[in-house]
Q: 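Please see the structure below; I have some questions.
Side-chain atoms are counted along with the backbone in the values below, which use heavy atoms only and exclude waters and symmetry mates. Just so we're on the same page: letters track the sequence lines, and every chain starts at 1. Because the structure is a prediction, the values reported are computed rather than measured.
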Protein chains: 2
Amino acid sequence: MSDVSAGDARRPARPGGGRRVTMRDVADAAGVSQPLVSIVMRDVPGASPESRAHVLQVAARLGYRRDERARMLKQGRSRLVGIVFHAAQPFHGQLIDELQLAARAAGYNVSLAAVTKRRGEADAIEALLGERVEGLVLLGASLDEPQLNRIADEVPVVTVASQYSSERFDSVSMDDARGTELAVQHLHQRGHSRILYLGAPGVSGDEVRTATFLEAAAEAGIGDEIAIVAGGASEAAGAEAIADALQRYPDTTAVIAFNDRSAQGVVAQARLLGKRVPEDLAVVGFDNSEQAELPYLQLTSLAQDPAQLASAAVEMVVGRVDANAEGEVPRIGEHRILPTELVVRSSSGGSGNSVERSR
Amino acid sequence: MSDVSAGDARRPARPGGGRRVTMRDVADAAGVSQPLVSIVMRDVPGASPESRAHVLQVAARLGYRRDERARMLKQGRSRLVGIVFHAAQPFHGQLIDELQLAARAAGYNVSLAAVTKRRGEADAIEALLGERVEGLVLLGASLDEPQLNRIADEVPVVTVASQYSSERFDSVSMDDARGTELAVQHLHQRGHSRILYLGAPGVSGDEVRTATFLEAAAEAGIGDEIAIVAGGASEAAGAEAIADALQRYPDTTAVIAFNDRSAQGVVAQARLLGKRVPEDLAVVGFDNSEQAELPYLQLTSLAQDPAQLASAAVEMVVGRVDANAEGEVPRIGEHRILPTELVVRSSSGGSGNSVERSR
DNA sequence: TTGAAAGCGCTAACAC
DNA sequence: GTGTTAGCGCTTTCAA
């Protein structure tokens with residue numbers, strides 16, 4: 001079919017759709033050349049004030065909006081950082097907020113891809129690569145190192161809050177070892193010796209925390225009073241695990257949970273079983289997320305500052321992107337570990353808020 | 001084999017960056033024309049098995065990946081549905097999962113934009129429009145109707161879980177009125193008359209629920225025993241509000257909370273104050289989110305099926321997109337209300353799980 | 001200050 | 001079956 005008179009549409013009326021307005025349309029309507037419209041729209045010097053005003057007015061009247069895809073295509077680069085996050089993790093929401101800010105400050109935009117129950121990490125990454133992101137920030141990555149290495153061949157990668165030691169990509173995470181140490185010391189100082197570590201086997205960070213837990217306990221001289229149980233990284237997992245653990249280790253007086261979510265499960269379940277927190281059971285979590293501050297939780301937690309994680313991640317990934325752009329030799333993987341603080345709240349017996357620093 | 005650039009052929013010659021491989025590169029390396037590569041990569045008929053195999057092999061060796069932006073540009077459409085979500089709302093995570101699935105089934109991809117503390121809805125929408133999404137699904141939208149109307153002039157819009165009655169865009173939401181009615185009836189049947197509605201002023205859905213709450217209570221003959229307090233849509237807001245409300249209305253025996261998050265705050269705070277749930281205080285929430293199922297909550301809740309919301313939303317937005325594509329006359333806004341179920345769990349005294357249907 | 005021409009990476013129409 | 005040509009909407013030379 002040859003739609004003959006389609007080109008005659010001087011003013012494309014688009015009641016909710018139809019053909020979009022292009023620079024060509026604006027140029028024609030304003031009686032100037034199309035590149036001049038480009039100059040005006042990009043707000044760069046090269047157009048007289050009169051033209052500028054006129055073009056802007058016409059553009060507004062026509063409802064013109066720049067096509068980012070075309071712009072990226074022509075520019076040869078996207079200035080886009082891809083972010084892979086887990087839709088079910090509220091903490092990732094905080095990270096996204098910070099990452100967007102940091103990226104914008106570095107002159108980049110972000111493109112998001114969510115990992116959900118039915119959409120894996122590899123899939124999300126593929127989608128972003130197809131959009132030609134120039135770098136990738138992976139939140140809570142769980143792919144193995146060889147897989148990530150392969151991706152890092154295409155585009156700079158930095159993982160956040162996961163532990164890797166690859167030479168081909170970077171990572172930022174909190175100081176899990178020091179954090180665990182702080183937690184144990186804190187509880188020990190408050191008289192606890194029957195401490196339980198409620199881990200999340202298979203989740204990144206758990207191995208280090210488990211190992212350090214054992215060391216720190218041994219160092220405190222309570223190595224044979226502690227226990228380790230397998231839980232998970234969710235409220236439900238924490239609740240289930242603690243219910244079980246309190247039967248196996250009924251004289252437990254303190255719990256270090258894998259994250260704030262599982263800690264919340266621990267607190268709720270413990271209370272349901274008639275235990276008071278912290279009098280009967282002291283609880284410490286990881287992340288110092290927003291929920292740690294909930295009035296009925298007041299959870300002592302190891303702070304993982306989202307702003308710091310985000311700015312480090314952006315700095316590293318953008319650094320690699322820029323280095324590539326200038327043809328520099330690829331550096332080796334950098335695995336940055338950020339200092340942790342123990343934020344003491346009432347769930348471990350603290351009164352009000354005090355903060356102890358790690359290093 | 002006869003590659004000009006040195007280095008090992010197995011790994012792509014772009015150590016984490018550099019110029020990307022294009023179809024031109026593949027074509028040259030394979031000794032065929034570039035459009036033929038396109039035919040092969042799109043997996044459409046028109047190439048001999050031999051060429052196909054050869055091209056695929058060369059593409060793999062070079063690490064070729066199709067540029068989606070260029071493809072969209074050329075095709076004149078993006079087949080992209082934009083999704084605006086709130087990074088801090090776990091329920092949106094569930095919706096994203098379902099939306100991605102539904103969109104893919106309809107032949108569309110999704111592009112995400114997060115609303116965060118520091119990035120408003122309007123901003124997120126702008127970003128998606130710049131990417132040339134063909135339709136917009138807004139989760140928990142809070143812009144006013146005129147603003148949304150303006151956006152709906154550019155692209156079909158459907159809001160999810162917000163109440164609007166515009167003629168220019170669509171919406172899907174649960175049956176708030178019927179849900180509230182069910183909640184009141186449920187509690188009344190169980191002997192409660194001093195029922196509290198803990199609302200979230202300003203959040204969409206609250207008005208209808210408040211009004212229906214009054215009506216349903218009046219109808220049940222308990223109109224002067226109930227109370228309404230202002231809370232919010234978060235755990236903290238629920239906890240704060242209930243602590244306050246229990247002082248002002250100490251003989252309250254049941255609470256209907258604005259959503260599961262605030263209900264969780266209510267339960268936790270009530271327990272902290274020595275109340276048992278449901279014996280001393282029955283609690284009902286809205287959303288039937290994943291947290292409603294937590295073992296220590298077992299929250300009775302009004303189900304808002306994410307899969308149903310998502311498929312309705314996608315159907316509506318894609319319907320408009322297709323209608324536009326075929327130059328049909330714009331229909332008037334459709335505001336679909338999905339049936340609600342009350343899922344009874346132990347927080348309201350239910351034993352196990354039973355389900356009562358609405359309508 | 002403005003316009004003409006070229007081309008980013010891809011798909012679509014048509015010729016061979 | 002394969003190559004040639006054209007052009008999506010934009011930015012970027014380079015001339016005028």
Q: Anything under 4.0 Å to a heavy atom of chain B counts; send over the first and last such nucleotide of DNA chain C, read 5' to 3'.
A: C/dG9 to C/dA12
Q: Any pair with a residue in residues 132-152 of chain B that passes ring-ring contact (aromatic ring centres under 6.0 Å, His included), sequence neighbours left out, goes on the list, sorted by first then second residue, please.
A: none
Q: Within a reach of under 6.0 Å around CD of A/E167, are more than 12 heavy atoms found that belong to other residues, nucleotides or ligands?
A: no
Q: What residues form a ring pair (Phe, Tyr, Trp, His ring centres under 6.0 Å) with A/H335, not counting sequence neighbours?
A: none
Q: What I'd like to find out is whether the side chain of B/R77 reaches to under 4.5 Å of the side chain of B/M72, using heavy atoms alone.
A: no
Q: Do A/E131 and A/S78 pair up side chain to side chain, a donor and an acceptor below 3.5 Å, judged on atom types alone?
A: no
Q: Could you tell me if the side chain of B/V84 sits less than 4.5 Å from the side chain of B/E121, heavy atoms only?
A: yes
Q: Between the opening five pairs and the closing five pairs of the helix from C/dT1-D/dA16 to C/dC16-D/dG1, how far apart are the helix axes, to 10°?
A: 40°
Q: I need the minimum non-hydrogen distance between A/R168 and A/R320, along with the two atoms involved.
A: O-NH1, 3.9 Å
Q: Would you check if A/I83 and A/L139 make a side-chain contact, meaning some heavy-atom pair closer than 4.5 Å?
A: yes
Q: Who pairs with A/E68 by salt bridge (charged side-chain N to carboxylate O under 4.0 Å, His left out), at least two apart in sequence or on another chain?
A: A/R66, A/R71
Q: Exactly one of A/V157, A/L136, A/D153, A/I151 should register a side-chain contact (heavy atoms from CB on, under 4.5 Å) with A/F169. Which one does?
A: A/V157
Q: Walk along nucleotides 7-12 of chain D from 5' to 3' and tag each nucleotide B, S or - by protein heavy-atom contact under 4.0 Å, base first, then sugar-phosphate.
A: BBBBBB
